[in-house]
Engineer: 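Below is one structure. I have some questions about it.
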Protein chains: 2
Amino acid sequence: MVVADDLFKALADPTRRIILDELTEKSGQTLFEICSRLSMKHQLGISRQGVSQHLAVLEAAGLVETRREGRYKFHDLNTAPLRQIAERWPVPDTSRPQESTP
Amino acid sequence: MVVADDLFKALADPTRRIILDELTEKSGQTLFEICSRLSMKHQLGISRQGVSQHLAVLEAAGLVETRREGRYKFHDLNTAPLRQIAERWPVPDTSRPQESTP
DNA sequence: TTGATAGGCAAGTGAGCAGTTGCCTATACT
DNA sequence: AGTATAGGCAACTGCTCACTTGCCTATCAA
């Protein structure tokens, strides 16, 4: 099972959060595709291995799932683990500031 | 404004998440009260200053708000910043596994 | 089969962070 | 006044983590 520690550790890095953003925009990207986007759209000068390690962390957290086809490995987003955050700490209703309850 | 970086960094530490749990159970605790709970309920051998620094990080993330009364400083939970997580990466409906969309 | 593409493994390095220790300030109680 | 309580500030340390470099494996095209 994916523990909370893996989840929050995965979300702690800004580069990994951008990767999640890119996978939200287009799921099923390869490692090189993600590398290109980080470099082009976000001016992130990071090596391929660096991105690969980030993807491994995201996969350990259950936020990314992979499938292999030939020499390609596609990366799919899975936001389901994020649900436990809202379950752990109840979030007040949107569009309304919260009041303290003394 | 509280940036995403502060929020996720605050959530990255397990001790800080436990502090959020304790403030969820009882909001408006003092530093010493929180120290006691970490020690008693969670067997966390951490110094008062250690807890104080954790609270500072949580406050920087907007997850904890404080109010002073005399020599006491009360800490209140504020889960509102957590909302931006669900807003950033749409979470699929509960009680149903997700499908990939190829 | 040779070369090119897509990805993986492992060791090393530098920086950031959790935690401690020591000392200081402010409010309350007697 | 004096003392105990509640909290703050700053420097130091050890460890984790992001990132790199170097080399290796696997699939596909010529």
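Each chain gets a letter, A, B and so on, in the order its sequence line appears, and its residues count up from 1.
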Engineer: Contact list please: residues 39-51 of chain B against DNA chain D, heavy atoms, distance less than 4.0 Å, in numerical order.
Structural biologist: B/Arg48, B/Gln49
Engineer: Rounded to whole Å, how long is the line connecting atom CD1 of B/Ile34 with atom C1' of D/dA6?
Structural biologist: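 Answer to the nearest Å: 13 Å.
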Engineer: Rounded to the nearest angstrom, tell me the gap between atom CD in A/Glu33 and atom P in C/dT5.
Structural biologist: 16 Å
Engineer: Where do A/Arg67 and A/Gly28 come nearest, in terms of heavy atoms and distance?
Structural biologist: NH2-CA, 3.7 Å
Engineer: Between the protein and nucleotides 15-17 of chain C, list the N/O to N/O atom pairs that are separated by less than 3.5 angstrom.
Structural biologist:
none

Engineer: Quickly work out the B/Ile19 CD1 to C/dA18 P distance and round it to whole Å.
Structural biologist: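 In whole Å, C/dA18 P and B/Ile19 CD1 are 11 Å from each other.
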Engineer: Between P on D/dG7 and CZ on B/Arg71, what's the gap in Å once rounded to a whole number?
Structural biologist: 9 Å
Engineer: Rounded to whole Å, please give me the gap between CZ in A/Phe32 and P in D/dA26.
Structural biologist: 17 Å
Engineer: For A/Gln43, enumerate each residue passing the side-chain contact (heavy atoms from CB on, under 4.5 Å) test, keeping only those at least two apart in sequence or located in another chain.
Structural biologist: none
Engineer: A/Phe74 or A/Gln53: which one's nearest nucleotide on DNA chain C is closer to the 5' end?
Structural biologist: A/Phe74
Engineer: Closer than 3.5 angstrom, by distance alone: can the side chain of A/Ser27 be matched with the main-chain N or O of A/Asp76 as a donor-acceptor pair?
Structural biologist: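 The answer is no, because no donor-acceptor pair under 3.5 Å joins these two groups.
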Engineer: For B/Pro81 and B/Gly62, which heavy atoms make the closest approach, and how far apart are they?
Structural biologist: CG-O, 3.4 Å
Engineer: Does D/dG8 have OP1 or OP2 under 4.0 Å away from a side-chain N or O of B/Ser52?
Structural biologist: yes
Engineer: Between A/Leu55 (CG) and C/dC9 (C1'), how many Å, whole number?
Structural biologist: 16 Å
Engineer: Specify the separation, in whole Å, of atom CG of A/Asp5 and atom P of D/dT16.
Structural biologist: 12 Å
Engineer: CG/A/Leu20 to CG/A/Leu11 distance, rounded to the nearest 0.5 angstrom?
Structural biologist: 6.5 Å
Engineer: Is the backbone of A/Gly50 close enough, under 3.5 Å, to the side chain of A/Ser47 for a donor and an acceptor to pair up by distance?
Structural biologist: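 Such a contact is found between A/Ser47 side chain and A/Gly50 backbone.
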Engineer: With side-chain contact (heavy atoms from CB on, under 4.5 Å) as the test, would you mind laying out the steps for B/Val57 and B/Leu63 before giving the verdict?
Structural biologist: CA-CA 9 Å; B/Val57 174; B/Leu63 290 167; over 6 Å; no
Engineer: Indicate whether OP1 or OP2 belonging to C/dG19 is found under 4.0 Å from a side-chain N or O atom of B/His54.
Structural biologist: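 For C/dG19, OP1/OP2 do have a side-chain N/O of B/His54 under 4.0 Å.
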Engineer: Indicate yes or no: at least one non-hydrogen side-chain atom of A/Thr30 is less than 4.5 angstrom from one of A/Phe74.
Structural biologist: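 Yes, at least one pair of side-chain atoms sits under 4.5 Å.
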Engineer: Report the residue (A/Gly70 or A/Ala12) whose heavy-atom-nearest nucleotide on DNA chain D is the more 5′ of the two.
Structural biologist: A/Ala12
Engineer: Does B/Lys73 put a side-chain nitrogen or oxygen below 4.0 Å from OP1 or OP2 of D/dG8?
Structural biologist: yes
Engineer: Out of A/His42, A/Gln29, A/Arg17, which one pairs with A/Glu22 under the side chain to side chain donor-acceptor pair (under 3.5 Å) rule?
Structural biologist: A/His42
Engineer: In whole angstroms, how far is the P atom of D/dA6 from the NE2 atom of B/His75?
Structural biologist: 13 Å
